[in-house]
Colleague: 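Pasting in a structure now, in structure tokens, and then I'll have a few things to ask.
Predicted model, so just to flag it, every value in this text is computed and none were measured.
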Amino acid sequence: MTYPFGAVVGMDDMRLALLLNAVSPAIGGVLVRGEKGTAKSTTVRALAAVLPPVAVVPGCRFACDPAAPDPACPDGPHEPAAPAQTRPARLVELPVGASEDRVVGSLDLERALTEGVKAFEPGLLAAAHRGVLYVDEVNLLHDHLVDLLLDAAALGTAYVEREGVSVRHAARFLLVGTMNPEEGELRPQLLDRFGLTVEVAAPRDPAVRAEVVRRRFAHDADPAGFGTAWAPEEASLAARIADARARLPRVVLSDDALRQVTAVCAAFDVDGLRADLVTARTAMAHAAWCGREEVTEDDVRVAARLALPHRRRRNPFDAPGLDDDTLDQALEDSRPEDGPDDDPAPPDGPGDGGAPPPPQGDDGGPGPGESRHRDDGSPDGGSPDGGEETAGAAAREKAAVAPSDPFRARRLEVPGIGTGVAGRRSKARAERGRVVGSVRPSGPVTRLHLVDTVLAAAPHQVARGRSGPGLRIAREDLRQATLEGREGNLVLFVVDASGSMGSRARMGAVKGAVLSLLLDAYQRRDKVGLVTFRGGDAALALPPTWSVEAAAARLRELPTGGRTPLAAGLHRAAETLRVERVRDPQRRPLLVVVTDGRATGARGSDALGAAHAAAQRLAAAGTAAVVVDCESGPVRLGLAGVLGTHLGAHTLRLEELAAESLAATVRSVREAA
Ligand SMILES: [Zn+2]
């Protein structure tokens, strides 16, 4: 028994975003970001029950509409006056570990080649057609699956092709993704392709929190009774969605309203025109939802708050959210004038006398329910940057050295061929990529190696009694192509934060370099971790995580100075890798040791010898490593290179980390030759 959508409390933005998409699926889906325990999934799963039911052709696995069956339906053609059957709208969940075949459907290549039959098994995209497709932890989904999903959502079509055999079918669905940003971000270019995003946080108002708990208890004690009690509310929501859908085609976006949409998008400096389109569609859906046929300023404001925050982000480390003052100002500046006043109307500077007053909508008062999501006084969730800088944070800021500007880092990779999940770092056996050979298939053939299959079939043609031009292919001839792509890795940084690293400027450069490598790891879909050592000991400053943001934050705050316990740092790294090997065995680690190679310890101890022994143990365990040599100054000991030798690692100078410097090195070598 799912929780009733109408009973969800304190998630007003999220509920509104889902409802507006239900009214107008052209908006393009919803991405919900928020920490664990905010009932994101419960809310999404509750949506299906309030969606209008769909009429389908009985027996069609692709949910064809009897009124307009898909002409390309693989189960078709359906007769024009096909019988109809009404069923509830579906919510299909796509698990993060799903294979491509599971998502798009699978073609039985063996039957296609040996029997000439086009056998297609529909995937999740077909199941979600005319319903909701939900991906929890969408940030952990393989990139190519996300691409595939967003392509299908944008085109309304799923397309499968294997070795020239292809199937196409309609796949229009409301795409909803939820994620916890602490576990890593979506790539910005994917973020942009969700129509709306909302940030959810647990409500701060104690009264609201109490109501959440009260309803949860009531539900858990008697789910069926709770469902019955909320049934009228559910029915009225369903009716309101159906009503708004019917009204949507009549909603007018006037030139004035359109000007406000474009003014707001321009004010937030968003890329491309997608933002303008989505904002306009959302404003129109909101007008329909509120029972109006004309878009008002309030519709534009609501739409901008849902459609723009994720489109203006330039950098994964920027804070999310939309600045309300900027939004108000843009709306005010683009508000149509009352009279035919030709004055250039100098903008009233908001700088003198505090914040501008909240604009009053002067074209039409608030419609029924239109400001519901803003009335309840609950803060809009998820903007913790609200000027609450504590004294502690300020002091830490002073103690920590700021990193220098990040640069584009060269790719460091793990040698050999891995079998990890898709990514962009090291070579791996993969579901997609370059064909490097073929094998006899152990299961169904998913990627046929045509030449090798023909070569395998050729010697048997006479024995099989071939007479015509067609090749006789048997099951045992089929060869599966072996593909080589790239995998993501675990990049574990071991950073020397001790006094030996020299001046503050040098430490700033070191932090800047590590930040650059972190940005690179984010783009290559790696997991990252951070071990630091200084003073008496080493610390796992950040356990392996998807959140590059968290790593960057730890790095910025990292205090420096003191003794240099290099051996302790390497021990801590080895221990971290051991645990992670159990947790995520397919993911190959890459150790990046950022050091000048020096080691100091208690008087009389052989700190350097201990460090070299630790390095040798890591090398003996087969750990791939790179040493980044941070030594500077006129007199150099070259100790980082010695450590690199013990680790069996390549040693790079700090300055060699930038991709540009690599090109420059190659150029200078060529010129010298
Ligand atoms: Zn059909």
Side-chain angles (χ1 to χ4, degrees), residues 2-8 11-32 39-56 63 65 86-94 127-136 138 149 152-154 156 170-178 194-198 200 230-231 233-251 277-293 295 299 302-303 305-307 367-370 372-373:
T2 54
Y3 197 82
F5 192 78
V8 174
M11 313 269 283
D12 302 287
D13 278 353
M14 175 176 176
R15 278 169 39 116
L16 186 67
L18 291 172
L19 289 168
L20 294 181
N21 269 274
V23 171
S24 173
I27 291 171
V30 186
L31 176 67
V32 184
K40 301 186 293 283
S41 300
T42 306
T43 309
V44 177
R45 292 190 184 111
L47 180 68
V50 294
L51 293 178
V54 288
V56 294
D65 182 353
T86 301
R87 63 153 172 78
R90 261 189 216 140
L91 181 123
V92 173
E93 287 201 36
L94 192 156
H129 179 45
R130 305 174 71 201
V132 181
L133 187 67
Y134 173 40
V135 193
D136 191 14
V138 65
L149 213 63
R172 284 185 303 279
F173 48 83
L174 162 50
L175 179 64
V176 183
T178 53
F194 278 92
L196 309 181
T197 51
V198 282
V200 295
W230 281 91
E233 171 76 13
E234 294 289 274
S236 99
L237 269 174
R240 193 171 167 193
I241 293 173
D243 185 51
R245 269 193 193 175
R247 184 176 299 106
L248 184 64
R250 299 195 299 275
V251 171
L277 285 169
V278 173
T279 308
R281 284 185 184 132
T282 309
M284 292 168 83
H286 189 252
W289 174 246
C290 295
R292 283 183 275 101
E293 293 186 2
V295 172
D299 296 326
V302 169
R305 286 185 52 238
L306 296 173
E370 88 173 339
R372 243 178 88 173
H373 66 285

Colleague: Ignoring hydrogens and geometry, is there a side-chain-to-backbone donor-acceptor pair from Arg45 to Tyr3 under 3.5 Å?
Modeller: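 Pair absent, no side-chain N/O of Arg45 close to backbone of Tyr3.
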
Colleague: How close do Gly29 and Leu174 get, counting heavy atoms only, and between which atoms?
Modeller: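 Here Gly29 and Leu174 meet closest at CA-CD1, 3.9 Å.
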
Colleague: Identify the residue among Leu16, Asp13, Thr282 that makes a side-chain contact (heavy atoms from CB on, under 4.5 Å) with Val302.
Modeller: Leu16

Colleague: From Ile27 CD1 over to Phe194 CZ, what is the distance, rounded to the nearest 0.5 angstrom?
Modeller: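 Interatomic distance, Ile27 CD1 to Phe194 CZ, rounded to 0.5 Å: 14.5 Å.
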
Colleague: Looking only at heavy atoms, what is the nearest atom pair of Val198 and Met14, with distance?
Modeller: CG2-CA, 3.8 Å

Colleague: Could you state the interatomic distance from CD (Glu234) to OG1 (Thr2), rounded to the nearest 0.5 Å?
Modeller: 7.5 Å

Colleague: Testing Thr279, Leu20, Thr197 for side-chain contact (heavy atoms from CB on, under 4.5 Å) with Leu306, which one passes?
Modeller: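 Among Thr279, Leu20, Thr197, the one that satisfies the side-chain contact (heavy atoms from CB on, under 4.5 Å) with Leu306 is Leu20.
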
Colleague: Which atom names give the shortest non-hydrogen contact between Ala63 and His129, and what distance separates them?
Modeller: O-CD2, 3.7 Å

Colleague: What pair of heavy atoms forms the shortest contact from Ala283 to Ala303, and how long is it?
Modeller: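 Of all heavy-atom pairs spanning Ala283 and Ala303, the closest is N-CB, 3.5 Å.
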
Colleague: Distance-only, no hydrogens or angles: does the Arg247 side chain make a donor-acceptor pair with backbone N or O of Arg292 under 3.5 Å?
Modeller: no

Colleague: About how many Å separate CG of Leu237 and CZ of Arg15, when rounded to the nearest 0.5 Å?
Modeller: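 Reported value, rounded in 0.5 Å steps: 6.5 Å.
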
Colleague: Taking all heavy atoms of Leu175 and all of Val135, pick out the closest pair and write down the distance.
Modeller: CD1-CG2, 4.3 Å

Colleague: Could you tell me whether the side chain of Arg250 and the main chain of Ala288 form a donor-acceptor pair under 3.5 Å?
Modeller: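 Looks like no, no N/O pair under 3.5 Å.
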
Colleague: What distance do Asp136 atom CG and Thr178 atom OG1 have between them, rounded to the nearest 0.5 Å?
Modeller: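 Rounded to the nearest 0.5 Å, the CG-OG1 separation comes out at 3.5 Å.
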
Colleague: What closest approach, in Å, do Ala46 and Pro4 show between heavy atoms, and which atom pair accounts for it?
Modeller: CB-C, 4.1 Å

